[in-house]
Each structure stands twice: as structure tokens, then as C-alpha cells.
2 protein chains.
Amino acid sequence: MTHHDSAGVEPKLPLSRERVLRAAVALADARGLAAVTIRSLADSLGLKPMSLYHYVRGKDDVLHGMTDQVFAEIDLPDPSAPWRDALRARAVSARTVLSRHPWALTILDLQPATGAATLRHHDAVLGVLLRAGFSLRVTARAYTLLDAYVYGFVLQEAVLPTDAGPPGDAAAATLDADRYPHLAAFAAGLVGQPGYSFGDEFEPVLDRVLDAIGALREDG
Amino acid sequence: MTHHDSAGVEPKLPLSRERVLRAAVALADARGLAAVTIRSLADSLGLKPMSLYHYVRGKDDVLHGMTDQVFAEIDLPDPSAPWRDALRARAVSARTVLSRHPWALTILDLQPATGAATLRHHDAVLGVLLRAGFSLRVTARAYTLLDAYVYGFVLQEAVLPTDAGPPGDAAAATLDADRYPHLAAFAAGLVGQPGYSFGDEFEPVLDRVLDAIGALREDG
DNA sequence: AAAGTAAGGGTACTTAGTACGGTAGCACTG
DNA sequence: CAGTGCTACCGTACTAAGTACCCTTACTTT
């Protein structure tokens with residue numbers, strides 16, 4: 001037996017920065033961002049901690065690289081599609097990917113995002129808007145709004161109390177209905193209802209966001 | 001001389017959880033979230049590390065408490081104002097506060113946000129919408145959109161390359177104009193222009209977001 | 001005065017990042 | 001074929017940080 005295994009157990013292919021980052025993403029998905037330590041990462045690759053430093057510059061570099069991996073998973077927009085369709089598809093894809101890797105947002109604001117996949121991605125989206133006749137200024141606003149919506153939605157999705165608890169409603173029990181009447185009304189009247197899923201709200205609201213982007217274009 | 005000082009140097013009043021958290025916020029503002037360690041926090045209060053554990057449960061509790069402090073800084077919406085004015089003011093306030101404490105977003109998605117100030121805040125905003133006749137479902141959508149915009153905007157503001165570098169343009173120099181033509185066009189044609197400020201885009205776009213919320217209401 | 005309690009601290013263990021300096025196998029050179 | 005050097009990997013050890021456990025001092029309460 002030549003190596004330990006814990007989460008990913010990637011086959012014993014030639015090592016590389018790519019494979020290290022992929023293992024890091026797998027680890028974060030499986031056990032959370034906090035479980036991504038140089039030591040456990042090395043362990044999941046059958047290596048000793050110091051060996052990783054041949055492929056990455058350090059922990060920070062691993063985190064950088066992980067976000068770039070995530071961006072690489074997001075579908076690039078179709079350059080020939082109408083802007084609205086292209087943006088909609090890209091928003092849905094981004095949301096799906098970020099929901100799959102919820103730890104990514106936590107890292108995002110740590111660094112200026114200069115990974116190759118990240119840059120290529122942003123460039124492609126900007127291209128869609130510019131080709132559709134958006135001015136530079138409106139393109140900036142539109143992209144800001146679209147991404148703000150996606151990031152913000154995913155962030156809220158991550159924050160929501162995951163009531164995988166008792167059948168009734170875990171959140172409502174904690175809530176003081178006197179002090180927070182509206183929150184209580186929510187827990188009881190909407191979130192607690194069978195069939196309600198916060199995630200399902202993404203697309204209906206997205207359509208209004210796209211309307212708003214259209215309005216931004218009119219403004220000039 | 002009875003105590004060390006480093007960042008906050010709060011006067012020697014009676015200690016309390018409140019004061020510990022306030023010192024933590026001051027530390028994060030001054031030196032970044034990474035500088036908030038139990039040890040440096042104790043030091044900034046003239047205490048030894050272990051003494052803090054009489055006021056907080058541990059590092060996680062400190063982080064929880066810090067986000068709640070931040071929420072406490074956001075103006076509560078005026079319950080008697082029309083929904084659009086109330087939401088607009090609250091969004092501007094939230095954005096200002098979050099820009100002042102950019103580290104807050106990093107912590108936000110770590111925990112389900114159950115601080116008192118946080119709950120009171122959300123409850124007040126929900127109240128504005130419900131009293132204005134929004135249904136539960138549309139209220140949820142509207143609030144999601146508004147907060148997504150604020151969070152997402154602040155997040156992007158934090159990520160933006162702060163070109164406080166050379167006079168020309170630091171970002172453009174790094175960018176490969178062949179590989180990323182649209183990004184390059186941006187750096188040169190908009191971001192690099194004198195007088196351009198990303199932060200100034202917040203309010204114009206916010207107005208379109210409020211339009212979108214109005215449209216959500218129509219949909220029912 | 002005795003006893004209890006609150007506030008603060010000392011020591012030390014554990015986990016994590018990483019600097020520094022190996023070592024072993026292979027490739028290529030003269 | 002010996003030597004030279006490179007590549008991949010590893011062992012050791014230092015530092016920073018969180019925190020469990022137990023102690024001391026001082027003040028309060030009866």
C-alpha cells in the first residue's frame with residue numbers, strides 16, 4: 001500500500017498544479033473549505049505536505065486556483081445568441097456552479113481574481129454586451145447588476161437556515177414571534193410550507209433582472 | 001502604564017461582550033480580518049488571550065458577533081415611508097456600511113445569521129414590504145433581489161483591482177489585450193478614465209432594481 | 001470571618017503553514 | 001562509465017493561533 005486516501009483518491013497520474021487544485025476543490029466540496037489544509041490536501045493525494053510546494057506557491061495560491069477552477073466550470077456564453085438569451089443562460093449556469101461549490105464565494109473577495117479561466121469568462125460576457133450595442137458604461141452597469149444578483153442570491157442561499165431538522169419547523173421554534181413578527185409570518189406562511197424552495201425563486205427574479213438590464217440600455 | 005495598546009485602545013471601562021466585539025470590529029477595519037486573532041484582540045484590550053473567554057464563547061462567536069455589530073450600523077427603514085423610498089434608503093445605508101466593513105461579507109456566509117440586530121433588521125424590512133401590500137411570496141422575491149444587489153455590488157467593489165498604483169493604468173499593463181480584448185477595452189475606455197468611480201454606479205442601477213421590484217409586485 | 005464568585009491570567013497542548021535542507025532516481029555529458 | 005545536475009519528493013522544526021485546564025486575587029454575601 002503506497003498511499004493514503006481520504007476524499008478524492010485521484011488515480012496515480014503524473015502530478016501537476018492542475019491535479020492539486022482539482023483535489024483541493026474535491027476536498028472543499030466534500031468536507032468544507034476549512035478542511036482544505038496543506039496537510040489534508042497532501043494526504044488526499046498520497047503525498048507529504050512539503051511536496052505540494054513544488055506545484056503551488058502556498059495556501060493562498062491554492063485558494064486562488066480553486067476559484068479559477070470554479071469559474072472554468074461556468075458555461076461560456078454563446079457569442080452568437082441574442083444578449084438576453086446569452087446572459088440568462090450564463091446566469092443560470094453560474095448559479096448552478098456556485099451552488100455546487102458554495103465555499104467559492106468566501107474566497108472570492110480575498111483576491112482580485114486574475115486566474116485565466118476567470119478572465120476569459122468575464123471577457124466573453126463583456127463581449128456579448130458590447131456586440132449587442134451596449135455602451136461601455138452601460139455594459140459595466142449591466143454586468144454589475146447581473147453578477148450582483150447571482151452572487152447575492154447564492155450568498156443568501158448559503159446563509160438560509162437549512163431546516164433539515166424536525167418535521168414541523170426548526171426556524172420558527174427559535175424565532176420569537178413577538179419580537180420578530182414578520183420573520184415569524186414568513187417561517188410559518190411561506191418557508192415552512194411544503195413545496196416551497198428558495199432556489200426555485202432564482203429564475204423568475206432573474207427575468208426581472210434582465211428586464212432591468214434592458215431598461216439600463218434604453219437610458220444610455 | 002497598565003495596558004498595551006495597538007489599534008483601538010478603548011478606554012478602560014468595564015469590559016463586556018459588547019466592548020470585545022467593538023474592539024474586534026475596529027481591529028478588522030484597521031488591519032483586516034486576518035488580524036483578528038484571539039491574541040491580538042486581547043492585546044488591543046489590554047488583556048491576555050484567555051481572559052476573553054469570559055465574554056465570548058470562542059473565535060466563531062467573535063465572528064458571529066462582528067457581523068451583528070455591522071448590521072446594527074445599518075439604518076432601519078422608516079416604517080411610515082412609501083416602500084420604494086424606504087427600500088432605497090435602506091439599500092444605500094447597507095451599501096455604505098458594508099463598504100466600510102468589507103470583511104463582513106466574508107464572514108456572512110459562514111453562519112445562519114441569528115444575531116439580534118440582524119434579525120431586527122430583516123424583520124423591519126420585511127415589514128415595509130408586507131405593509132405595502134406585497135404578498136409573502138413576492139416579498140421574499142423582492143427582498144432577495146434587493147439584498148442580492150447590495151451584497152453582490154459590495155462584493156464586486158471589494159474584488160475590483162484597486163489601481164492605486166502608477167499614474168497610467170496598472171490593470172491594463174497586466175492585461176493581455178489579445179487574449180482579453182473586451183477587458184482591455186474596459187480598462188482603457190472606462191475604468192481608466194479620469195473621474196470614473198465604480199461606486200458611483202450603485203445608485204443609478206439601484207433605481208432599476210427598484211423598478212424590477214415594482215414589476216415583481218405586479219406579477220403577483 | 002467564612003465561603004462563594006467574578007475577573008483575569010499562566011501553562012501547555014494541538015493544528016496548521018511553511019522555511020530549510022536533504023535524498024534518490026534519472027538524463028545527459030565528456 | 002563516472003560525474004553533474006535536475007526533478008520529485010520528504011523530514012525536521014519553527015512559528016502562529018485556538019483553546020482546555022487550573023490557579024489567583026478581590027470583592028460580595030451571609
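Residue numbers begin at 1 in each chain, while the letters A, B, ... track the order of the sequences. Model, not experiment: these values are computed from the prediction.
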Identify, with sequence neighbours excluded, every residue that meets side chain to side chain donor-acceptor pair (under 3.5 Å) alongside B:Ser93. none

Starting at the 5' end of nucleotides 16-28 of chain C, put B wherever the base has a protein heavy atom under 4.0 Å, S where only the sugar-phosphate does, and a dash everywhere else. BBBBB--------

So, for A:Ala23 and A:Ser44, which heavy atoms are closest and what is the spacing to 0.1 Å? CB-OG, 4.1 Å

Kindly write out the residues that satisfy side-chain contact (heavy atoms from CB on, under 4.5 Å) with [X], not counting sequence neighbours, or none if the list is empty.
X        : answer
B:Tyr53  : B:Ile38, B:Met50
B:Asp29  : B:Val25, B:His101, B:Trp103
A:Ala24  : A:Val36, A:Leu41, A:Val62, A:Met66
B:Thr118 : B:Asp68, B:Phe71, B:Ala113, B:His122

Do any pairs count as a salt bridge (charged side-chain N to carboxylate O under 4.0 Å, His left out) and have a residue in residues 91-108 of chain B, sequence neighbours left out, and if so which ones? B:Glu73-B:Arg100, B:Arg95-B:Glu157

Within this structure, what is the NZ-to-P distance between B:Lys48 and C:dA12, rounded to whole angstrom? 15 Å

Taking any atom closer than 4.0 angstrom to a non-hydrogen atom of chain A, what span of DNA chain D does the protein reach, first nucleotide to last? D:dA8 to D:dA13

Pairs involving residues 185-204 of chain A, ordered by first then second residue, that meet side-chain hydrogen bond (donor to acceptor under 3.5 Å, both in side chains) (sequence neighbours left out): A:Arg88-A:Glu203, A:Glu201-B:Arg137, A:Glu201-B:Arg141

